[in-house]
Amino acid sequence: MDDTDHPLVPTPNRPPAHAGQPAHQVDHQVVDYSEVPIRISPVPLPRATNPAFRHLRSQAAHTSRVSKRSQLNRIAEMLGAPIPPKLEVAGDSRKLHPQQLFPMDYVHWEDLTQDVVSEIIFNLERKPTRDGEQARDLSPATRNTYRALLRGVAQEAWGLKKMSYEDVERIRALKAQKFKRLPGGRAHPEDVIKALLEECDSEDTALHCRDGLMIAMLVTTGMRRAELVGIQLEDIDERTHEVKITGKGSKERVIEIPEGVWERLIDYLDRYRGYEPGALLTPIWNNRNTPKVTKKGLSEATINQRLEVVRLRANSINGTTIAPHDMRRTFATDLYNLGMTIREIQTLLGHASATTTETYLFDDSKEYRQKAAKLNANRFGMTQRSEGNHEDGS
């Protein structure tokens, strides 16, 4: 076992192996703490005074609350908190039961210290997603997300007068990991987008019509997946062809739907979905030709899955990898190539910083890569082989 393999110990369910025994009677093991670093309650703690739940309530966006709740539960499980059974909601397994408990309900988050936070971040691993897959270290970006999360929880503990200001400042002093990551995804040429839409238009069904509208809206408005699935029918202005979308941090912005995409939208509403209040893009189950209109729209995972299905069926672009976020990059790149300024594109994308927008448009190392390849173009290539038999017989 090396120094990266031992778990955060001890916990209520995993005391030190040598607890209560003389050292000469046991095999020595690596021990992080001589006592439990964070208390785990045998019963759920009141949420009104739980720093973790107070931090969740402060998040404006629903997606942020769900993501952070998952991260806090993961930490709580690592600390030894129990995993309560899932309570089902009759008629909809996706809904959260109002009495549902989580591992984070049992943790005394006010016991966090700089040392414990550092140890938690150090021991985080990416969970295996396939059988036989090894757990791997989390990326620096994800570790920084957890670090910021625990700083927020500590701040709430101080607000509840459960943690000293000095402890909060020590936790806040933990430095984020520095890293540089190449921009993800890429912009696609027009023929790739047309191939996707032609596949959607190849059959006259509700599913094909909805998928065509979904892809067309992503690539011509630059919406994020969460923004698209969050659109309600009342967010669309039939007179101006504008749609109000809610982005990160519950920031609202308005985007105009282009004429060609508007025609797709009206066709989908007139022939399939109807004008009943609810989410614009909703599930179509069991090959039915009428969508089930609900307040909650498609999940982001469904957008991923449907885009992949369309890509695989579009024979002309076999081998081309396409991610949903590529639609957003394609939107930005097309507008920039047509003459729009970075500031204008930033506003349409809903970016807080123009620097983020620039990463969608520029690769500042591309010129250097091309220059290096050109300088080495005629070096270290294959030498000319002489004809005839080789003396060594090879």
Side-chain angles (χ1 to χ4, degrees), residues 8 10-14 33 35-121 123-124 127 142-172 174 226 230 246 248-251 295-296 299-300:
L8 182 63
T11 71
N13 300 325
R14 187 175 56 245
Y33 297 95
E35 58 184 22
V36 175
I38 295 185
R39 291 169 295 158
I40 304 297
S41 172
V43 295
L45 298 168
R47 290 185 173 178
T49 55
N50 185 324
F53 272 95
R54 299 260 302 198
H55 180 65
L56 289 184
R57 286 205 301 262
S58 70
Q59 304 305 303
H62 172 73
T63 52
S64 294
R65 292 194 294 271
V66 172
S67 174
K68 291 191 174 188
R69 184 178 67 207
S70 175
Q71 292 168 342
L72 286 166
N73 285 330
R74 183 175 181 183
I75 294 171
E77 289 178 32
M78 190 168 70
L79 293 169
I83 304 176
K86 179 175 172 53
L87 302 179
E88 298 291 342
V89 177
D92 193 343
S93 60
R94 299 184 302 172
K95 286 186 178 180
L96 181 65
H97 196 286
Q99 297 299 317
Q100 179 67 55
L101 291 171
F102 300 100
M104 59 185 287
D105 280 302
Y106 298 83
V107 178
H108 284 272
W109 297 99
E110 63 272 18
D111 291 350
L112 286 171
T113 64
Q114 183 190 57
D115 185 48
V116 170
V117 171
S118 179
E119 191 71 17
I120 289 172
I121 302 299
N123 281 279
L124 283 171
K127 292 182 178 180
T142 304
R143 289 178 183 273
N144 288 342
T145 300
Y146 275 93
R147 188 177 287 104
L149 171 64
L150 292 175
R151 283 202 301 262
V153 172
Q155 187 72 29
E156 291 292 343
W158 173 75
L160 289 166
K161 299 182 179 180
K162 290 187 172 187
M163 182 182 289
S164 70
Y165 186 73
E166 290 75 16
D167 281 337
V168 175
E169 284 299 297
R170 291 189 187 100
I171 292 173
R172 293 176 64 180
L174 287 170
T246 304
K248 290 183 176 180
S250 294
K251 295 178 182 178
K295 179 72 174 176
K296 185 175 181 179
S299 66
E300 294 178 44

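Along the sequence shown, the residues carry numbers beginning at 1. Note that this is a predicted model, so its numbers are computed, not measured.
Residues Pro103 and Pro84 have side chains in contact (heavy-atom distance under 4.5 Å, counting atoms from C-beta outward). The shortest side-chain heavy-atom distance between Val117 and Arg172 does not fall under the 4.5 Å cut-off. Contact annotation: the side chain of Trp158 never approaches that of Ser164 to less than 4.5 Å [non-hydrogen atoms, C-beta and beyond]. Looking at Glu110 and Leu160, their side chains never come closer than 4.5 Å, going by heavy atoms from C-beta outward. Side-chain contact between Thr142 and Leu124 is absent, with no heavy atoms from C-beta onward closer than 4.5 Å.
Here the closest heavy-atom approach between residue Ile40 and residue Ala81 is recorded as CG2-CA, 3.9 Å. Annotation for Met104 and Ala52: closest pair CE-CB, 3.5 Å, computed over non-hydrogen atoms. Taking all atoms of both residues into account, the shortest heavy-atom contact from Ala48 to Arg54 is O-CD, 3.4 Å. Scanning all heavy atoms of the two residues, the minimum distance from Arg147 to Leu174 falls at CD-O, 3.7 Å. Considering all non-hydrogen atoms of both residues, Val89 and Leu96 come closest at CG2-C, 4.0 Å. Contact detail for Leu101 and Arg47: the closest heavy-atom pair is CA-NH2, 3.9 Å.
With rounding to the nearest 0.5 Å, the separation of OG in Ser118 from CZ in Arg170 is 14.5 Å. Here the straight-line distance linking atom CZ of Phe102 with atom CG of Asn73 works out to 6.0 Å at 0.5 Å rounding. Interatomic distance, His108 NE2 to Leu45 CG, rounded to the nearest 0.5 Å: 4.5 Å. Here CG of Asn144 is found 8.0 Å from CZ of Arg151. Values are rounded to the nearest 0.5 Å. In this structure, Met78 CE and Ile120 CD1 are separated by 5.0 Å, a value rounded to the nearest 0.5 Å. Leu72 contributes atom CG, which lies 7.0 Å from atom NE2 of His55 (distance to the nearest 0.5 angstrom).
The backbone N or O of Pro85 lies less than 3.5 Å from a partner atom in the side chain of Gln100, making a donor-acceptor pair. No side-chain donor-acceptor contact under 3.5 Å links Lys162 to the backbone of Trp109. When atom types are taken as modelled, the side chain of Asp111 and the backbone of Arg39 share a donor-acceptor pair closer than 3.5 angstrom.
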Test side-chain contact (heavy atoms from CB on, under 4.5 Å) applied to Ile75 and Leu150, step by step: CA-CA 10 Å; Ile75 294 171; Leu150 292 175; 3.8 Å; yes
